[in-house]
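Below, each value reflects all heavy atoms present in this structure, side chains not excepted, and no hydrogens, waters or symmetry copies. Naming: A, B, ... by sequence-line order, numbering from 1 per chain. Because the structure is predicted, anything quoted here is derived from the model rather than measured.
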There are 2 protein chains.
Amino acid sequence: MIPIRSASTAQQVHDWLYRCVLRGDLLPGMRLSETEIAAQVGLSRQPVREAFIRLASDGLAEIRPQRGTYIGRISVRAVLSARLIREAVESDLGRMVARSRPDLSAMAAELDLQARADAAGDVPAFVESDDRFHGAMAEAAGHPAVWQDLERLKAQMNRMRHLSMRVFDRSATIAQHRAILTALQAGDGDAAETAIRTHLRQMLTELPEMARTHPDYFTD
Amino acid sequence: MIPIRSASTAQQVHDWLYRCVLRGDLLPGMRLSETEIAAQVGLSRQPVREAFIRLASDGLAEIRPQRGTYIGRISVRAVLSARLIREAVESDLGRMVARSRPDLSAMAAELDLQARADAAGDVPAFVESDDRFHGAMAEAAGHPAVWQDLERLKAQMNRMRHLSMRVFDRSATIAQHRAILTALQAGDGDAAETAIRTHLRQMLTELPEMARTHPDYFTD
DNA sequence: CCTGCTTTACTCGTATGGAAGTATGGCATA
DNA sequence: TATGCCATACTTCCATACGAGTAAAGCAGG
């Protein structure tokens, strides 16, 4: 028999809240009430409370003792750190891919998806495909586990991107992705690194813009 | 008035357990009982349980529903991922330091500490100074927050190092650190990157060795 | 009108009891 | 002896109750 191993209720609540925060359904600074959520999902406070603890560990919520729990604001510093880490790591991964010349059809497929999502104006689909594009590169480099680690760091970044991708030019992102893929297919490590760094540095201009537009969503 | 804000008891229990795991006082595979720990620290089960949840979020414990909570084994994959990420990030940080030529006395001070700790055979002190050495480089590069992020990923790695540093040649580590510092002081970015990558690749030989020596402490 | 205290309602934090699930040992059986 | 069933003891998980601390509203006094 297949071990379905339904996760604990508290874990399920956490996963639900986690997605809500990343998708922007729960906005920075918003208040989270244990009793309120508990009533919504038909549970007692305890599992909800434990879900909040997990959420705080993710850096997505802030538990202020005896005061209340709030959705954390997007930390500019955290986004910049994650960005720097991504630039360094993905540069190395890109070089590995360029050297070993693996199959890159997965990345190409995501590129097509992005074009369609852009045309349809489906922002969530675009952002998710963007993620999978970079994940596919890590996979092609033979280090899928590294992408798992980056996912955690990227949490804060993703929240911003769900906002910024509504505003900024998505076709520019697609062009940058295409440049990366072309360099990788050509096996040109230097060009790949350059393209990757250029692409990820795009965020350095987007971030201050978003922080200016939505000052109450950001901190630091 | 200074907001002392004594952390919640659950948080204190978590911090205590966290240190115990990293120092190796709690060994991989060991069983953690809510009731037992609760009795030890004179609390009820609930705060201990919440501490376990935090510990699981850190990847240091594994909660098996209705079965028990166990200290997680050291994931070889996680260590390799963290190592790859560190190599990429610290290479970039090293280049930044070499370019901007900031004050590096903090790194030099840690180097001295390591020599003394090695002579005294104080392994924990050595490992902690090793950490601060790398942290000081991130600080010198102007990105202390990046090191904060790496600390989380390094958790699994540190557990291994507390084991391996008892076995392997610590003077070799010191020599590698000296090479890094020398390159940084000279402002030689290429040499710094080479030294950093060489240093961090040392782990690629140590890890399989440790996994072979302590097979029941590792997984993957 | 403004200031300061008091009350009140709310929050999170902890303790405890019961429910559901799992592993283990003993026992009957082949 | 080997095997399968079953009762028991143990675990985590959830619900509930109580306590401590905070914040804000109401009110008295200037």
Flag yes if more than 12 heavy atoms outside Arg132(B) fall under 6.0 Å of its CZ atom; otherwise flag no.
-> yes
Find the distance Gln11(B):CD to dT14(C):C1' and express it as a whole number of Å.
-> 15 Å
Among dT12(D), dC13(D), dT14(C), the one nearest any side-chain atom of Phe52(B) is dT12(D)
Anything under 3.5 Å between a protein N or O and an N or O of nucleotides 16-22 of chain D, put it in a table, one pair a line.
none

Is a side-chain donor-acceptor pair under 3.5 Å present for Asp15(A) with Gln11(A)?
-> yes
Just to confirm, is there a sub-4.0 Å distance from OP1 or OP2 of dT11(D) to any side-chain nitrogen or oxygen of Ser33(B)?
-> yes
On DNA chain D, more 5' by nearest nucleotide between Leu43(A) and Leu32(B) is Leu32(B)
Between Glu34(B) and Pro47(A), who's closer to the 5' end of DNA chain D by nearest nucleotide?
-> Glu34(B)
Please state whether the phosphate of dC13(D), meaning OP1 or OP2, lies under 4.0 angstrom from any side-chain nitrogen or oxygen of Arg49(B).
-> yes
Would you find more than 12 non-hydrogen atoms of other residues, nucleotides or ligands less than 6.0 Å from Arg77(B) atom CZ?
-> no
Output yes when at least one side-chain N/O atom of Thr35(B) is less than 4.0 Å from OP1 or OP2 of dC10(D), else no.
-> no
Hey, are Asp220(A) and Arg73(A) close enough for a salt bridge, meaning a charged N less than 4.0 Å from a carboxylate O?
-> no
CD of Glu50(B) versus C1' of dC13(D): gap in Å, rounded?
-> 13 Å
To the nearest Å, give me how far apart CZ (Arg31(B)) and P (dT22(C)) are.
-> 15 Å
Could you state the atom-to-atom distance from CD1 of Ile63(B) to P of dC10(D) in whole Å?
-> 21 Å
Tell me whether the OP1 or OP2 atom of dT11(C) has a side-chain N or O from Thr69(A) closer than 4.0 Å.
-> no
Indicate yes or no: at least one non-hydrogen side-chain atom of Met160(A) is less than 4.5 angstrom from one of Met203(A).
-> yes
For the residue pair Tyr18(B) and His14(B), does the interplanar ring angle fall in the parallel (under 30°), tilted (30 to 60°) or perpendicular (over 60°) class?
-> tilted
Tell me: CZ of Arg64(B) to C1' of dC13(D), nearest whole Å?
-> 17 Å
Measure up the His134(A) and His199(A) rings against each other and bin them: parallel (under 30°), tilted (30 to 60°), perpendicular (over 60°).
-> parallel
Sugar-phosphate only, base, or nothing, as touched by Ile53(B) at under 4.0 Å among non-hydrogen atoms | nothing
